[in-house]
Colleague: 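Below: one structure in structure tokens.
Only a predicted model underlies this, so the values are computations on that prediction, with no experimental measurement involved. The chains referred to below are lettered A, B, ... by the order of the sequence lines, with proteins before strands, and numbering in each begins at 1. Below, all heavy atoms of this structure are taken into account, side chains as well, without hydrogens, waters or symmetry copies.
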Amino acid sequence: MTTLASALISAGFPSPAEPDAADQLDLNQHLVTHPIATFFVRVFGNSMLGAGIHDGDLLIVDRALMPADNCVVVAILNGEFTVKRLKKTREQIILLPENKSAKPIPILPDDDFEIWGVATYVIHALSSQQCLQRSRLCPS
Amino acid sequence: MSFTHSAANNAYNDHAFALVDCNNFFVSCERVFDPKLRNRAVVVLSSNDGCIVSRSQEAKKLGIPMGAPLHEYLPLMLAHNVAIFSSNFVLYGDMSNRVMDALDQFTPYKEIYSIDEAFLELNFIDPAERSRYARIIRETVIQQTGIPISIGIAPTKTLSKIANRVAKTSPEWNGVLSLYDAHNVDEILKITEVRDIWGIGRRLALRLRAEGIYNAYDLKCAPDKWIRKNLSVTGLRMVLELRGTPCAELAYRSPKKSITSSRSFGRPVEKIAALEESIAHHATRIGEKLREEELCARLLFVHFRTSYFREGPRHNVTEGPVLIVPTAHTPKLIAAAQKVLKRTFKPSFAYTKSGIIVNDLVSDSHIQQDLFVVEETREKEEKLMRLIDSVNQLDGKRTIFFGASGANHSWSAKHDRRSQNFISSWDELPRVRA
């Protein structure tokens, strides 16, 4: 690992282009608090558009977090993964979509229901893949 | 000497081993990412789809035995809509690491015993609190990783294995059994057949039964003199452990962490055939070194690159780790390495160096035989490797060697029913409906 001081000593002046692993920002550090409990999943469907979750987006799911009221959660409902906002009242649990065309889902006693993890971040591409791949010469 | 009696002396208080074991580990891994499997019978097959190496509770209830050949049970499984999977070692390796790391939240004293088992030392927890502590461990691991585990706690490793087995198989314990608060330890030993005691193989179990020793309690009560005469010192140690006297500490990983074999080529090579040969050579060397040290490797890296100094396009590959069945078996190492090479090789580069690195080394006496490979197959493999090693030592290196070209077809593993790369591929992530 090169520190600023050692770069000064070895090269006479610090090169702004010199990569330094310790100084580089790591998105994992920003997005993944609990690596052993964190998983990535792919979204399909549009029921959570209001929360900024689009079809095809990547979700970061943290299983170490306690699912509290108003969290966005990935749940298993009757054998299928679903992402919704969690509404916990004293009487019942409701999965809330964030799209007017979708209805709230109250969890019934007979449902096979489990909260799989808390969705912490969504990664959403802002442009088409075609656009994202068109670059000037630059190593990828 | 009874166990409750030994509870009074110091040895009892000084040691507390917890054996953590993942329930039906491979099946549980599949279930984390596929909710449809939760109430369905599921089995996972060995690395070449030969036999069944992991079964869900529902599959066990159907009478499908561990290690059963796939073809024998296929009709039964199809009739009962059993979900059948090839081994997805990348997935299981990742999930194993997560479970093992999760355990570090609770104790620094951990021995990873196999892909799905670890011994912990919990002597710093008050004896009466140990089962409560273990419940917290269990709940946490299940919540964070999705993998259900069982925990057995006892003053010796052998007893912790027994406690774990009972915790797992009797629902009344709900996954945790501490012999520190079990009222009658002897009753637990009585329901443990000798063949289910750690370290007792099939043959020894038959011999013991012939002597009228049917369960762990019988063995615990056998006279020392008889044991020493019939079972040697190892047997005596096992019996002492059954009585509550620890004879084995936590074994940490072998000091040797990794083994490398690599070399620069005489002149640059472009063809995959040449690289394949060199990789086979390195795999052979690594197999020899592993067997010399009585170790098996779990992870393998393949490395090849163009020159750092010559002109021309550059390609530098270090691919791995790929998870392999813990092995020191040369054909398996060759097959694993060449598969990686095939996947990562790009033509039209002048390669100047290749090599293989293996790490995550475990002592080969620690490998549990029945998990992946039928015992006899493994014995045969070992015999073959010993023969080759001894011939090569007598007659000089490479008297007997593996024809690398033959490796390509016959050793490539079958995996027709493998699940998605849920963790290791962006294109295969679990899908959730919004």
Side-chain angles (χ1 to χ4, degrees), chain A residues 33-67 72-85 95-99 101-102 105 112-119 122-125 139, chain B residues 20 22 28-40 42 81 83 90-91 93-106 110 112 118 136-137 139-149 313-316 419-434:
Chain A
T33 316
H34 306 111
I36 58 171
T38 298
F39 299 89
F40 304 145
V41 300
R42 184 77 64 187
V43 173
F44 69 101
N46 293 306
S47 73
M48 290 297 282
L49 285 177
I53 300 172
H54 301 69
D55 188 57
D57 281 358
L58 189 74
L59 277 186
I60 299 176
V61 184
D62 189 338
R63 293 182 53 108
L65 298 175
M66 295 294 170
V72 174
V73 297
V74 169
I76 295 170
L77 181 57
N78 300 325
E80 197 181 356
F81 279 127
T82 184
V83 56
K84 296 286 180 294
R85 196 172 292 280
L95 295 181
L96 291 179
E98 299 214 359
N99 186 333
S101 63
I105 307 166
D112 184 8
F113 176 73
E114 178 193 322
I115 294 174
W116 195 81
V118 174
V122 57
I123 296 182
H124 173 69
Chain B
V20 175
C22 302
S28 297
C29 290
E30 300 290 349
R31 279 184 167 166
V32 171
F33 301 100
D34 188 348
K36 289 201 165 57
L37 299 175
R38 300 216 166 186
N39 301 310
R40 195 174 158 195
V42 184
N81 190 28
V90 178
L91 181 69
D94 186 306
M95 293 304 283
S96 171
N97 289 339
R98 287 168 187 258
V99 171
M100 297 304 165
D101 287 352
L103 297 173
D104 291 342
Q105 299 167 92
F106 299 98
K110 176 185 74 181
I112 298 174
I136 299 171
I137 297 178
E139 293 309 315
T140 308
V141 170
I142 293 173
Q143 195 199 330
Q144 294 182 349
T145 67
I147 300 293
I149 60 172
R314 291 183 181 177
H315 190 38
N316 185 344
S419 57
Q420 284 161 245
N421 293 313
F422 292 113
I423 295 185
S424 53
S425 164
W426 292 114
D427 296 330
E428 298 177 40
L429 298 177
R431 285 161 55 81
V432 305
R433 183 189 292 276

Colleague: For a quick test of reading the model, state the closest non-hydrogen atom pair linking Pro35(B) to Phe81(A) and the distance between them.
Modeller: CD-CE1, 3.4 Å
Colleague: Using heavy-atom distances under 4.5 Å, tell me whether Val74(A) contacts chain B through its side chain, its backbone, both, or neither.
Modeller: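 It is the side chain, since no backbone atom gets that close.
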Colleague: Once the angle between the rings of Phe33(B) and Phe39(A) is folded into 0 to 90°, is it parallel (under 30°), tilted (30 to 60°) or perpendicular (over 60°)?
Modeller: perpendicular
Colleague: Using modelled atom types and a 3.5 Å cut-off, is there a donor and acceptor pairing between side-chain atoms of Arg98(B) and backbone atoms of Thr38(A)?
Modeller: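 Confirmed, Arg98(B) side chain pairs with Thr38(A) backbone.
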Colleague: By number, which residues in residues 49-61 of chain A have some heavy atom less than 4.5 Å away from chain B?
Modeller: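 Leu58(A), Leu59(A) fall under the 4.5 Å cut-off.
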Colleague: Under the 3.5 angstrom rule, does the side chain of Gln143(B) hit a backbone N or O of Arg63(A) as a donor-acceptor pair?
Modeller: yes
Colleague: Please find the pair of heavy atoms, one from Ala102(B) and one from Ile36(A), that lie closest to each other, and give the distance.
Modeller: CA-CD1, 3.4 Å
Colleague: Quick one: what part of Arg38(B) sits under 4.5 Å from any heavy atom of chain A, side chain, backbone, both or neither?
Modeller: side chain
Colleague: Ala102(A), Ser47(A), Gly45(A): which one forms the most heavy-atom pairs within less than 4.5 Å of chain B?
Modeller: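 Most pairs with chain B among the choices: Ser47(A).
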Colleague: Mind ranking Asp94(B), Ile423(B), Val32(B), Asp101(B) by heavy-atom pairs under 4.5 Å with chain A and telling me who comes out on top?
Modeller: Val32(B)
Colleague: Under 4.5 Å heavy-atom distance to chain B, tell me which part of Glu114(A) shows up: side chain, backbone, both or neither.
Modeller: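 Side chain only.
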Colleague: Verify, without hydrogens or angle tests, whether Arg42(A) (side chain) and Trp426(B) (backbone) share a donor-acceptor contact under 3.5 angstrom.
Modeller: yes
Colleague: Determine the minimum heavy-atom distance between Ala434(B) and Lys84(A), stating which atoms define it.
Modeller: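 Nearest pair, atom of Ala434(B) first, then Lys84(A): C-NZ, 3.7 Å.
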Colleague: Measure distances from Ile142(B) to the heavy atoms of chain A and classify the residue's part below 4.5 Å as side chain, backbone, both or neither.
Modeller: backbone
Colleague: How about Arg433(B) and Glu80(A): do any of their side-chain heavy atoms sit closer than 4.5 Å?
Modeller: yes
Colleague: Is chain A contacted by the side chain of Asn39(B), its backbone, both, or neither, given a heavy-atom distance below 4.5 Å?
Modeller: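 Side chain only.
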